[in-house]
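Working notes for the structure below.
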There are 2 protein chains.
Amino acid sequence: MLNNVNYVDRRITKSKNALKEALLVLLLEENIDHITITDIVNEAYLNRGTFYKNYQSKEEILDEVLEDVTADLTKAFRAPYQDQQRLAVKSLKASTVTIFDHVAKYSTFYTLIFKKNRYPEFQHTISETLKSLHLQDFSNISFNAKINREFLACYRAYATFGVLKEWVHDGFKYSAGYMADQLVEILCSSQGGDIYRVVI
Amino acid sequence: MLNNVNYVDRRITKSKNALKEALLVLLLEENIDHITITDIVNEAYLNRGTFYKNYQSKEEILDEVLEDVTADLTKAFRAPYQDQQRLAVKSLKASTVTIFDHVAKYSTFYTLIFKKNRYPEFQHTISETLKSLHLQDFSNISFNAKINREFLACYRAYATFGVLKEWVHDGFKYSAGYMADQLVEILCSSQGGDIYRVVI
DNA sequence: ACTATTCTGTCTACTATTGAACAATTCTTA
DNA sequence: TAAGAATTGTTCAATAGTAGACAGAATAGT
């Protein structure tokens, strides 16, 4: 009767999350090669058998973390213009900017890659994701025909990336809400008149 | 073979902790009477059956939280003189002061009682615990015969209590480490010459 | 007062996680 | 290189947690 499952059992979700967070915490201190499966399950407060039922290797966990992060980053970035046809920078509300909440949610991951400078390829994935979002979602990103839209998307993506990175690097010195306020101010002062056509 | 258990299954620990934290989070927003069992298990991301397997009522959870907090508070308070016969205030190391880490660990609970001013009787339990610790652990707390040791213990307990409360009330504005530094400075300046006989 | 809705407490069949044990393998380090 | 220790990957029976269903109680809305 319960043979055909189209839901994910909460136990699986929780065990996997615990294993992911545990590995990230351990990675803050040492290289992945020096981390044993036993270390991970101890940190995750799980039986070793549970690791093997959910994953084949340590690396598989990391892959899934990156999937989680990019998916959630995308969702957070899009939050201000979710279900909108247009995005007027001038009337952007800071409360709809959730990208800093996203970073806080994955603080261990971002601390690992931004502060400890581990897995530089992950940094690249983050910035590439931001660039793609600018490029794909804002069809008319460049109003000036002389400006290559690829370059503009790159410019804007790295600008945001830098703010996120500095925030993490300084140990989340300010609240996510304050950071959102600041970002909105910056966007308004530089692109206040822009209205982007949204294409999700 | 597994009939006689002298350990606590990790699943029980985790489920109970999730239910405790969930109830506290919900209590930040509304009165316990308006919180349903369904609310709690949703917040805890657990099946309702799990609630009933571990607890009889919402109130039972709260009782257990208070037990947890007082036990951990006691352990944290004693950390600086654990396994010592004497405690010389002058040579007290801030790194051994873990009472602020304890409060951070139970931040939801302390925010509830200190910031939201819910369950004033719990505040009393905390201050009473601190008073008992001074009184029981420091056999020679009062060096001046004219000073009633009960009153002195009360005075010192509430002093600490106040610092904890203010810290929570201001939303954990400073780090636990900084707070420990400050407390040690205050203790040194006022009781720097004291050496307490420890009786645990 | 009546009704629709939510919440409760309990139940069932199923399954993910559990502690423990084990031989095989890999690391230490002497 | 040899011996000792730690880690691995797998197994087992036991059990806590799972989704879902249910009837009855409490609650809200009209």
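Hydrogens, waters and symmetry mates play no part in the numbers below; they use all other heavy atoms, side chains included.
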Starting at atom CG of N54(A), determine the distance to atom P of dA16(C), rounded to an integer number of angstrom.
-> 9 Å

Verify the ring-centre separation between F138(B) and Y81(B): is it less than 6.0 angstrom?
-> yes

Of the listed nucleotides dT8(D), dA19(D), dG9(C), the one nearest the side chain of I37(A) = dT8(D)

Check step by step if side chain to side chain contact (heavy atoms under 4.5 Å, CB included) holds for L24(B) and L28(B).
-> CA-CA 6 Å; L24(B) 292 172; L28(B) 289 176; over 6 Å; no

With ring centroids as reference points, do F77(B) and H102(B) lie under 6.0 angstrom apart?
-> no

Does the side chain of R10(B) get closer than 4.0 angstrom to OP1 or OP2 of dG19(C) through an N or O atom?
-> yes

Under a 4.0 Å heavy-atom cut-off, which of residues 11-29 of chain A touch DNA chain D?
-> R11(A), K14(A)

How long is the gap from CH2 on W167(A) to CZ on F172(A), to the nearest 0.5 Å?
-> 5.5 Å

State the CG-CZ distance between L135(A) and R149(A), to the nearest 0.5 angstrom.
-> 4.5 Å

Atom pair distance, as rounded to whole Å: OH in Y7(B) and C1' in dA21(C) | 13 Å

Which residue lies toward the 5' end of DNA chain D, D9(B) or I35(A), if each is placed at its nearest nucleotide?
-> I35(A)

Starting from C1' on dC7(C), measure out to NE2 on H34(B) and report it in whole angstrom.
-> 14 Å

For the pair made of CG in L46(B) and P in dG9(C), what is the distance, rounded to whole Å?
-> 17 Å

Closer than 4.0 Å, any side-chain N/O of T38(A) to the OP1 or OP2 of dT8(D)?
-> yes

To the nearest Å, how far apart are F51(B) CZ and dC11(C) P?
-> 16 Å

Across the strands shown, which category fits T36(B) at heavy-atom distances under 4.0 angstrom: base, sugar-phosphate, nothing?
-> sugar-phosphate

R48(A), nearest nucleotide to its side chain (from dG17(D), dG9(D), dT17(C)) = dG9(D)

Return the value, rounded to whole Å, for the distance between atom CG of N42(B) and atom P of dA19(D).
-> 11 Å

At under 4.0 Å, does any side-chain N or O of Y52(A) touch on OP1 or OP2 of dG9(D)?
-> yes

Return each pair, listed once, that meets side-chain hydrogen bond (donor to acceptor under 3.5 Å, both in side chains) where at least one residue sits in residues 38-51 of chain B; pairs must be two or more places apart or across chains.
-> T36(B)-D39(B)

Quick one: label Y45(A) by what it contacts on the DNA or RNA (base, sugar-phosphate, nothing), any heavy atom closer than 4.0 Å.
-> sugar-phosphate

Here the distance between atom C1' of dT8(C) and atom CD1 of I40(B), to the nearest Å, is 12 Å

With a 6.0 Å cut-off on ring centres, are F122(B) and Y119(B) close enough?
-> yes

Whole angstrom is fine here: how far is it from NZ in K53(A) over to C1' in dC14(C)?
-> 13 Å

Which residue lies more 5' along DNA chain D, comparing N47(A) with D39(A) via nearest heavy atoms = D39(A)

